[in-house]
Amino acid sequence: MELQTLDTLFLGNKAAVGAFLMNTQEGPALFETGPASSLEGLKAGLLGAGVSPQDVRHVFVTHVHLDHAGAAWWFAEHGAKVYAHPKAASHLVQPERLWSSVKRLYGGMAEELWGEIRPIPEDRVKTLQDKERVSLGDVQIVALDTPGHAVHHLAYFIDGAIVCGDIGGVRYGKKGPAVPPCPPPDIHVEDWVRSIDTLAALNPSVLFLTHFGPFTDTKEHLASLKDRLLRFERFIQKGLEDGLDPDTLKEQFENAFRQEFHALGLDEATCTLYERINPPWTNVLGLVRYIQKKPKGEQPKDA
Ligand SMILES: [Zn+2]
């Protein structure tokens, strides 16, 4: 089994949004597609790996956020089967609601960022339950129900490796920190922590992050992701308790985010990439929503 990391070159950014290719006895399988806006970048990546894009037979998406599954419709139109979480299927088949929530979040920028979105015929979508296996020749892909970032999120366990989607965080460069992307509307910190524990319990040899690439220090990565997620939650919880208005909270979170990155010795370009792919203000919105929905009396736990 070999997974190859492809760069979609999202909005001209190198190594920001990835997809993963696996050649199987049942044809090329793709994990994640990036958004439709970077379809040409992905096609070039496939061609570079010796695969004609229209020959891709299997597309596994971790969740329907457009930077992960936004180009899946193109592969479905060319005959691929699209695998996803049962709760993701309706968004793939009828993307209108997804698109309006994207528009609410990104406003006039939505189209430029994510490109075109088209419905996928229902008979091209195959939903996978937790721990369900797909055999492609001699390769087995195990779906892992991994909520927390999105209620409809799957990770894929393949021969010791895990394709993580967003549940494994965003990380740029070997020295980059593991950062949880927390956009609205589904963020659920406790579920996310459980999902991290699920991944860690499998003792993976490598984590493939959509943002971006393979990381082999899996234990440290997952521990640090969990720690940062819980810190983010405490930060927002405290801001709300202090009665900060949303703009001040966003500003303080952004500053804290930057300060930590600088303290870790990240260069400016890497900081900017983190902020572009996982905008801090979307983290504030997602975590505020989660905390406000939580039954009263539940406090964030310590790491
Ligand atoms: Zn996502």
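Start at 1 and go down the list; that is how both ligands and their atoms are numbered.
With the Zn ion (ligand 1) at the apex, His63 NE2 and His149 NE2 define an angle of roughly 100° (rounded to 10 degrees).
Side-chain contact between Leu98 and Leu92 is absent, with no heavy atoms from C-beta onward closer than 4.5 Å.
Using a 3.5 Å distance cut-off with no hydrogens or angles, the side chains of His211 and Arg171 do not pair a donor with an acceptor.
Within His65, the N, O or S atom lying nearest to the Zn ion (ligand 1) carries the name ND1. Summary: OD2 is the N/O/S atom of Asp166 found nearest to the Zn ion (ligand 1).
Checked against a 6.0 Å centroid threshold, the rings of Tyr106 and Trp114 count as neighbours.
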Quiz prompt | Check against salt bridge (charged side-chain N to carboxylate O under 4.0 Å, His left out), Glu233 and Arg231 | solution = CA-CA 5 Å; Glu233 184 193 19; Arg231 273 196 284 131; over 6 Å; no
